[in-house]
Amino acid sequence: MAGHLAALGGEHVPRPLPPPGVGFQREGSRGLDDPGESDLAVAQSRPPADQSPLNPCRTANLATVRLVGRAPALVKPIAALRRAPGPGARPGLETPTGSARVPRMSLVTRYAPSPTGPLHIGGARTALYCWALARRHAGRFLLRFEDTDRARSTRESELAVLEALEWLGIEHDEVPGFAGIPRQSERAARYAGIVGELLERGRAYRCTATPEELEGMREAARAEGRKRVYDGRNRDAGIPADVGAPFCVRLRVPDSGPETRWTDLIAGASGEAPEDIDDFVIARTDGSAVYHLAVVVDDHDMGVTHVVRGREHLSSTPRQLLLYQALGWEPPAFAHVPLLVGASGKKLSKREGDVSVQAYRDRGFPAEAMVNYLARLGWSHGDLEIFERRTLVELFSLEGVGRAPAQVDEAKLAWVSQQHLKRMPAEELAAAVQPFLDAEAGEPVAIGERLRAGLDLLRERSETLADMARQARFLYVDELEYEPKAARKFLKPPAAPLLRDAGAALGGLDSWDRAAIEAALGGVVDAHQVKLGKLAQPLRVAVTGRGASPGIYETLEALGRDRTLARIEAAAARAETVPSD
RNA sequence: GGUCCCAUCGUCUAGGGGUCUAGGAUACCAGGUUCUCACCCUGGAGACACGGGUUCAAAUCCCGUUGGGAUCACCA
């Protein structure tokens, strides 16, 4: 957090890059097939010993140890990867021979949001993929704010985005040559210089066409069925800077040429015929640069090698390619991630409810679960369903990303969340529930040994941290409130003697542990000649106030002797006074 | 409308000509376990959008149709 925020302030905060290969799987380090205590890599439904290529638990190790590509036997022929025929072989990330176009060690990705609101989960997923790709290849993951929309961009949103990424554990690296996180709004001079250069070299020209003229051209183009709208009237007019009329700057787009086609790392062969592309504006009348120019210049200046971004940018990529060409720069590799859609099947929007990362955090989904779910939404690796960040970094590959849009399914998110809750280390779990506990209690709650034990019992019964905090109420509130329905059903006169005897048996215990409690209650059950349920249910309501809870023995153990006895007494008294119906 | 893209159970996905009467996960249903709830276990139902090709053989390749989406700005 500190790093992020300081960086935002524009100060240079050194964050040394790890040496190549450091940070993940290294030679000699523990392999994935060693079931470590914190490793969540679980291939559902496959025996652990299975060595099929689908089981990451063994084979993936080969690929990561030396940070080279997958073992040759496991990698599909590059050509077959994405139905990407024709020229421009897929820029291989995983070629075993090491002949990848981009040297692996220098792989650089970036996430470049417009700070116009909170980070939504679609953006978070894109950032996650960028981050995972960079980490997987020991490269760097950079951040940049595209805040040229001055009206809608706010510092507050920048903060919100940073906070969301921070929470998700998506850490960005320092951008070489920049102080803090680059903002487009601060780079106007650089863009202007580039525009000037393009003008000088004849790759761009000034155009004085008015909005009205443009409107006319649009109509004409439509009427004639022409693809290009701009008729090129000022293309060769050689309009000087001192025309005395307002002008914008347009790029001279070639009539033909291959530079508008590329092999997208996710979408496959992509592109558009150059003759369909207008001489588009690169600098507005007020001299400011247009978005496409800014991205290209920024990505180049930041040394970005792999542009991983949302699918909505796919159709503007040809124009950016044209810019790279005009500038004489080598374009990066592109990977366009399919959109995330809501339950309606439409693009994610406010209509679907609050889909911001913050909203999910506030609802109690652990960050690890969000990362897991989001990563798995559109990306897959065999049957792997539950995994942690570390595993994602070891296994992530653009080849595993699908091409179809994905829909958010809260039911599955809930399941993923529960799986993480079940396996989270105690320390982590305590830290994660703390805010929910406090909120539920209305005051700070201290997590002692007892409460921690109680939390443990609730892991497999909770889908979210909020859920867990709610169920744990009986462990930390002084005044127990009964669920009306449960109390009506179980706290009745016939239960009173059972409760009193249980209280007496429990009160006479020397040690307060599960075994002793079980023995004591067993005695009561035997004495009354009833089944355990007859005692367990009233007891459960007595101590938890609810009809459902973890097993009764461990519940009492976690609650502690004093509270247990007091609550049994209170419940027995209540049971006696309630008229039998 | 132009251009481009996408299409396997409700959802996320595996699949890349034969190994597919299509696998896994989730959700759903039934049963088991059981002091409740959950977890867990077992079983069930559930998909190649449609139509043509190519081929001895198509979920897989080609064309078309349908449906969905993105994008077409001196927005980002």
Side-chain angles (χ1 to χ4, degrees), chain A residues 43-46 54 76-77 80-83 112-114 116 146-149 151-153 184 207 209 211 214 218 221-222 225-227 229 246-250 264 267-268 270-273 276-278 280-286 288 290-292 294-295 310-316 318 336 338-339 341 343 345-347 373 376-386 400 402-416 418 422 457-463 471 486 490 521 525 531-537 539-541 544 546-553 555:
Chain A
Q44 303 283 328
S45 82
R46 270 181 192 275
L54 280 184
K76 304 174 219 162
L81 286 177
R82 207 57 91 186
R83 284 189 268 160
S114 300
T116 53
E146 306 205 324
D147 61 345
T148 43
D149 184 346
R152 294 194 302 142
S153 299
Q184 284 188 337
C207 173
L214 252 13
R218 229 183 302 277
R222 175 165 294 212
R226 253 189 298 120
K227 309 260 167 92
V229 168
F247 64 84
C248 68
V249 179
R250 288 179 183 273
D264 195 274
S270 305
E272 198 178 340
D276 289 350
I277 303 172
D278 259 327
F280 59 93
V281 172
I282 58 174
R284 305 184 184 94
T285 305
D286 66 3
S288 64
V290 132
Y291 169 75
H292 292 296
V295 211
R311 191 59 155 252
E312 68 269 26
H313 290 102
L314 189 87
S315 49
S316 60
H336 288 91
L339 255 26
V341 297
K346 297 233 161 59
K347 188 175 163 181
Y373 180 73
R376 190 61 187 62
L377 203 52
W379 171 82
S380 65
H381 185 96
D383 289 342
L384 186 67
E385 293 284 354
I386 301 300
R403 295 187 301 276
Q407 193 171 311
V408 177
D409 178 16
E410 296 238 340
K412 183 149 185 181
L413 203 212
W415 175 76
V416 170
Q418 183 176 55
K422 282 170 71 174
L457 301 175
L458 293 169
R459 304 169 93 117
E460 58 194 18
R461 292 159 232 266
S462 311
E463 290 188 333
Q471 293 192 68
F490 297 111
L521 295 186
V525 163
K531 296 225 263 184
L532 180 58
K534 284 285 175 209
L535 170 60
Q537 279 308 92
L539 209 43
R540 191 184 313 283
V541 179
T544 70
R546 303 166 47 116
S549 86
I552 194 66
Y553 309 128
T555 296

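Because only heavy atoms are used, hydrogens play no part in the values below, and waters and symmetry mates are left out as well, while side chains stay in. Naming: A, B, ... by sequence-line order, numbering from 1 per chain.
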Taking only the P atom of each, what is the distance from B:G16 to B:A7 in whole angstrom?
15 Å
Does any donor atom in the side chain of A:Arg540 or A:Thr544 lie under 3.5 Å from an acceptor atom in the other side chain?
no
Between B:G51 and B:G67 - P atom distance, rounded Å
16 Å
Do A:Leu413 and A:Val408 come within less than 4.5 Å of each other through their side chains, counting heavy atoms only?
no
Between A:Asp278 and A:Phe280 (side chain of the first, backbone of the second, donor and acceptor by atom type, cut-off under 3.5 Å), is there such a pair?
no
Check: A:Pro550 and A:Arg461 side chains under 4.5 Å, non-hydrogen atoms:
yes
When all nucleic acid strands are considered with a 4.0 Å heavy-atom cut-off, which category describes A:Gly310: base, sugar-phosphate, or nothing?
nothing
Salt bridge (charged side-chain N to carboxylate O under 4.0 Å, His left out) involving A:Glu146 - partner list, sequence neighbours excluded
A:Arg144
Per A:Leu314 side chain, nearest of listed nucleotides B:C12, B:U3, B:C4:
B:C4
Now, which nucleotide makes the Watson-Crick or G-U wobble pair with B:G16, with each of the two distances under 3.5 Å?
none
Rounded to the nearest Å, what distance is computed from the CG atom of residue A:Leu384 to the P atom of nucleotide B:U26?
13 Å
Rounded to the Å, how far apart are A:His336 NE2 and B:C6 C1'?
15 Å
The contact string for nucleotides 71-76 of chain B, one letter per nucleotide 5' to 3', using protein heavy atoms under 4.0 Å with B, S and - for base, sugar-phosphate only and none, comes out as S-SBSB
Side chains of A:His292 and A:Ile282, heavy atoms from C-beta outward: is any pair under 4.5 Å?
no
Suppose we define a pair by two distances each less than 3.5 Å, Watson-Crick or G-U wobble; what does B:G1 pair with here?
B:C72
Would you measure the distance from the C1' atom in B:U66 across to the matching atom in B:A49 and give it in whole Å?
8 Å
Which value, in whole Å, describes the distance between the P atoms of nucleotides B:G68 and B:A27?
30 Å
Counting Watson-Crick and G-U wobble pairs only, both distances under 3.5 Å, name the nucleotide matched with B:C61, or none.
B:G53
B:G46 to B:U11 separation - C1' atoms, rounded to the nearest Å
12 Å
With rounding to whole Å, what would you report as the distance between B:C61 and B:G15 at their P atoms?
13 Å
Scan A:Leu458 against the nucleic acid and name what it touches under 4.0 Å (heavy atoms): base, sugar-phosphate only, or nothing.
nothing
Tell me the interatomic distance from A:Trp379, atom CH2, to B:A25, atom P, rounded to whole angstroms.
17 Å
Could you run through nucleotides 27-46 of chain B and give me one letter per nucleotide, 5' to 3': B if any protein heavy atom sits under 4.0 Å from the base, S if only the sugar-phosphate is that close, - if neither?
S-------BBBBSS------
Among A:His336, A:Arg311, A:Arg403, which one satisfies side-chain hydrogen bond (donor to acceptor under 3.5 Å, both in side chains) with A:Asp264?
A:His336
Using atom C1' in both nucleotides, what's the gap between B:U19 and B:A59 to the nearest angstrom?
15 Å
Both distances below 3.5 Å, Watson-Crick or wobble geometry, any strand: find the nucleotide opposite B:A30.
B:U42
Would you say that A:Arg284 contacts A:Val290 through its side chain, given a criterion of any heavy-atom pair below 4.5 Å between the two side chains?
yes
Could you state the atom-to-atom distance from NZ of A:Lys227 to C1' of B:G1 in whole Å?
13 Å
Please tell me if the side chains of A:Asp149 and A:Tyr291 come closer than 4.5 Å, counting only heavy atoms from C-beta onward.
no
Find the distance A:Ile386:CD1 to B:G24:C1' and express it as a whole number of Å.
13 Å
Could you state the atom-to-atom distance from CG of A:Asp264 to C1' of B:C6 in whole Å?
13 Å
Any A:Lys412 side-chain heavy atom under 4.5 Å of A:Glu385 side chain
yes
Taking all non-hydrogen atoms of both residues into account, name the closest pair between A:Ala486 and A:Gly547 and its distance.
CB-N, 3.7 Å
Under a 3.5 Å cut-off for both contacts, is B:U66 paired Watson-Crick or G-U wobble with anything, and if yes, with which nucleotide?
B:A7
If we take the C1' atom in both B:C48 and B:U8, what is their distance in whole Å?
4 Å
